[in-house]
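Values below: every heavy atom of this structure, side chains too, minus hydrogens, waters and symmetry copies. Letters A, B, ... mirror the listed sequences (proteins, then strands); counts begin at 1.
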2 protein chains.
Amino acid sequence: MTAESQRGRPPSIRDVARLAGVSHQTVSRVLNHHPSIRPETKQRVLDVMAELQYTPNRAARALVTHRSRTLGILSASSTSTQYGPASSIAAIEGAARAAGYWVSTANIEASDPASIADGLAHLAAQGIEGLVVIAPQVRVFDTLAQLSIDVPYVTLQSTGRDPDHALSVDQIAGARLATRHLIELGHRNIYHLTGPQDWIEAEARMRGFLEEMSAQDVPTTAPILGDWTADFGFHVGRELLRVRDFTAIFASNDQMALGLMHAIHDAGLDVPRDVSIIGFDDIPEAAHFWPPLTTVRQDFAELGRRCVSLLIGDADAPSEAAASAGGPGGAGDAGTAPGEPSAPAGPKTIVPELVVRASTGRPAF
Amino acid sequence: MTAESQRGRPPSIRDVARLAGVSHQTVSRVLNHHPSIRPETKQRVLDVMAELQYTPNRAARALVTHRSRTLGILSASSTSTQYGPASSIAAIEGAARAAGYWVSTANIEASDPASIADGLAHLAAQGIEGLVVIAPQVRVFDTLAQLSIDVPYVTLQSTGRDPDHALSVDQIAGARLATRHLIELGHRNIYHLTGPQDWIEAEARMRGFLEEMSAQDVPTTAPILGDWTADFGFHVGRELLRVRDFTAIFASNDQMALGLMHAIHDAGLDVPRDVSIIGFDDIPEAAHFWPPLTTVRQDFAELGRRCVSLLIGDADAPSEAAASAGGPGGAGDAGTAPGEPSAPAGPKTIVPELVVRASTGRPAF
DNA sequence: TCACGGCATGTGCACGGTCACATGCGACGT
DNA sequence: ACGTCGCATGTGACCGTGCACATGCCGTGA
């Protein structure tokens with residue numbers, strides 16, 4: 001029965017149209033949830049689609065609509081392997097898919113301008129409609145401008161500085177939380193180990209640290225520039241322990257905190273008796289570090305979701321809303337096309353949360 | 001000068017053709033590295049392309065060639081946030097991009113069949129030319145068959161059981177390495193904490209463990225089914241310590257090993273004096289666990305790269321090789337199109353490596 | 001009764017590439 | 001000297017969709 005329609009190629013709307021006894025345009029209307037189609041006609045078309053296992057051809061659609069329905073993620077490969085970014089990426093993909101979008105990723109070497117340009121060009125060649133940047137952002141933006149790529153973009157995890165493009169976990173507030181916690185425990189000699197300087201969130205955490213320190217009138221030492229890795233934390237820890245003019249360290253991510261604790265244990269010291277350590281992110285392993293790490297939790301998944309609603313809100317909502325008053329519907333495939341496009345996304349700032357575990361305590365003296 | 005050619009749309013090959021004084025087909029030939037184009041003509045076309053900032057339209061190309069040049073990754077969202085899979089994914093993307101392919105990801109809830117089907121359908125709708133599966137594989141394959149999706153696929157990290165689709169880190173060898181290490185230290189009462197049973201590599205590591213145990217005539221206890229998480233390791237550890245009829249545990253990933261060590265410390269015991277712990281994967285943090293973790297290192301990035309060369313070798317190499325004898329060139333964009341497509345990929349099995357650190361030692365008695 | 005508007009549907013073209021098939025021209029063998 | 005072959009290039013159709021613009025029909029108000 002269906003064998004007859006087999007002709008090598010996958011079925012097109014015209015094949016469906018022929019079998020349903022309508023024009024190809026009617027089929028197209030069914031696909032796009034056009035309002036004025038008689039229910040019976042629609043049903044007949046849907047039946048034929050199912051019978052033929054028809055799938056809309058993405059390329060053809062993109063060609064004529066000039067819309068790729070694809071979001072790009074530009075990610076530093078050194079970080080996409082870490083819990084936080086990886087969780088956000090997963091959430092981005094999920095939210096995008098729910099909204100009928102595809103997600104395409106490009107990993108770059110953050111340190112190499114050519115790599116940035118290459119990755120960006122790769123995404124641009126795809127006609128992405130939105131871009132999420134998880135990388136040292138200053139350089140990326142320069143390159144973006146140079147290549148005259150013009151798509152809406154969002155930077156994951158930045159501070160509220162550029163409110164159009166930055167949806168923020170309030171990194172500053174999180175850093176202040178961490179710092180305040182140490183100060184309230186009685187620490188006065190506190191170091192801060194930051195992330196790389198061209199990561200906006202590293203800078204934000206540093207700012208939060210400095211703000212809280214001066215707000216509480218605690219004398220500040222210069223932050224130490226780190227690179228997010230546990231290895232780096234370990235080496236910095238070894239250096240710092242030579243002098244030991246501190247009782248607490250605030251590391252701007254959990255990995256570096258882990259490295260610090262390693263160095264401290266190696267020196268025969270105890271956490272938190274001799275030194276208190278606080279991290280940032282609350283990766284799932286942090287609860288099982290020894291000692292379990294006090295840290296600041298971020299909701300990475302929520303962050304990813306908001307990225308998408310920001311991006312798709314920009315790109316989609318206007319035309320979408322204009323097109324049809326009542327029905328949302330979107331432009332998903334006829335078969336799938338589930339729930340509403342995500343809700344207005346709530347307040348714009350995600351507030352991070354202090355998680356007190358066993359790596360912080362009162363200073364010994 | 002260039003202002004004149006601005007007409008809203010991005011430039012097409014016809015625009016380029018007009019300005020270069022050739023036919024659109026000649027432009028197309030330049031794009032596809034056709035052999036018989038006069039160097040001067042080619043150069044003229046390339047110049048115009050540069051001037052116009054011409055970018056080939058992916059959708060149009062895909063429409064007519066029936067090739068999407070896209071690879072799909074189906075990944076369990078619970079695992080894509082972990083170091084190993086994430087590294088492989090990054091490597092896959094890099095290798096794919098170098099070969100002129102795009103990568104699109106779908107994260108699924110491994111436990112939910114509907115989610116699997118949804119993710120797979122999403123990728124299929126894109127016309128992916130290859131699929132990498134990083135998820136409990138049994139269910140995925142069933143679904144793949146049900147949806148009658150027919151693309152070459154590769155399972156990341158599987159054992160050598162199905163040699164066509166499995167490019168293997170030799171998980172069995174790795175597990176034997178770990179087990180032998182414990183036995184050689186003098187341990188006789190060894191537990192094994194596995195990954196979820198429907199993950200092929202979890203099963204492979206378990207097999208390796210069992211094989212080595214019986215090869216060395218050490219009595220075996222039933223493996224404990226885990227879920228890859230540190231939390232789970234922690235809880236299992238607490239249970240096991242009630243009886244304490246063992247001197248060593250082989251955890252099939254580093255996270256679970258971490259959880260185990262946490263439980264052991266909590267009980268006031270010492271690693272490795274009271275219990276030896278060995279992990280698997282060698283995530284970057286493992287060197288900084290307390291104590292630094294003995295584990296088995298896998299080259300995740302190499303694994304990812306091989307995935308791609310396997311997939312693209314299948315899909316591309318035949319026609320590619322037939323097309324032009326000498327020049328590789330690929331079908332990248334005229335402007336970009338860098339280095340050779342990856343080399344023949346070497347021997348098919350990646351051999352993992354034992355990394356001895358401080359979490360294993362001789363049993364106390 | 002008829003013009004008119006809205007619904008349900010159909011017709012043809014455009015999107016930006018590639019492919020199959022010309023075409024013109026110079027070199028070469030007989 | 002002429003047919004033939006290969007190179008360099010051009011012409012037109014086609015891929016599967018969506019859009020702008022008909023078209024026919026029915027209900028409605030003047």
Side-chain angles (χ1 to χ4, degrees), chain A residues 5 7-18 20-45 49 52-69 125-127 319-320 322-324 329-334, chain B residues 5 7-18 20-45 49 52-69 125-127 319 323-324 331-334:
Chain A
S5 61
R7 32 152 227 165
R9 291 197 199 311
S12 75
I13 48 169
R14 289 183 153 88
D15 297 319
V16 175
R18 198 177 324 115
V22 297
S23 77
H24 70 100
Q25 176 60 2
T26 300
V27 177
S28 172
R29 290 197 177 98
V30 171
L31 277 175
N32 295 289
H33 305 104
H34 186 100
S36 37
I37 295 270
R38 249 191 324 184
E40 337 151 17
T41 313
K42 178 170 184 170
Q43 192 54 52
R44 191 150 28 100
V45 170
M49 281 181 180
L52 255 43
Q53 300 209 52
Y54 167 80
T55 314
N57 181 316
R58 184 167 98 108
R61 200 175 252 185
L63 177 60
V64 66
T65 56
H66 299 282
R67 303 220 24 201
S68 64
R69 295 205 156 261
Q126 221 169 147
S319 60
E320 196 69 42
S324 65
D333 312 335
Chain B
S5 62
R7 32 152 226 163
R9 290 197 201 311
S12 76
I13 47 169
R14 290 178 158 90
D15 297 320
V16 174
R18 199 176 324 116
V22 296
S23 77
H24 66 102
Q25 175 61 359
T26 300
V27 178
S28 172
R29 288 196 179 99
V30 171
L31 276 175
N32 294 290
H33 305 104
H34 187 99
S36 37
I37 295 271
R38 248 188 326 178
E40 336 151 18
T41 313
K42 177 169 184 172
Q43 192 53 52
R44 192 152 25 102
V45 170
M49 282 182 178
L52 256 45
Q53 300 210 53
Y54 168 79
T55 315
N57 181 314
R58 184 166 98 108
R61 199 177 254 182
L63 177 59
V64 66
T65 56
H66 299 282
R67 301 216 30 198
S68 65
R69 294 205 157 263
Q126 221 167 149
S319 58
S324 65
D333 312 336

Self-check item: Spacing between A/Gln25 atom CD and D/dT23 atom P, to the nearest angstrom
Solution: 16 Å
Self-check item: Check against side chain to side chain contact (heavy atoms under 4.5 Å, CB included), B/Glu40 and B/Arg44
Solution: CA-CA 6 Å; B/Glu40 336 151 18; B/Arg44 192 152 25 102; 5.7 Å; no
Quiz item: Within the modelled atom types, does a donor on one side and an acceptor on the other bring the side chain of B/Arg14 and the base of C/dG17 under 3.5 Å apart?
Solution: yes
Exercise. Report yes if a donor N or O on one partner sits less than 3.5 Å from an acceptor N or O on the other, where the partners are the side chain of A/Arg58 and the base of D/dG16; otherwise report no.
Key: no
Can you tell me if [X] touches the phosphate of [N], counting only side-chain N or O atoms and a distance under 4.0 Å to OP1 or OP2?
| X | N | value |
| --- | --- | --- |
| A/Arg61 | D/dG16 | no |
| A/Ser12 | D/dG16 | no |
| A/Ser36 | C/dC7 | no |
| A/Arg38 | C/dT9 | yes |
| B/Ser28 | C/dT18 | yes |
| B/Thr26 | D/dG10 | yes |

Practice problem: Check B/Val22, B/Asn32, B/Thr26 against B/Ile37 for a side chain to side chain contact (heavy atoms under 4.5 Å, CB included) and give me the one that passes. | Solution: B/Thr26
Quiz item: For the side chain to side chain contact (heavy atoms under 4.5 Å, CB included) test, which of B/Leu31, B/Val45, B/Val27 pairs with B/Tyr54?
Solution: B/Leu31
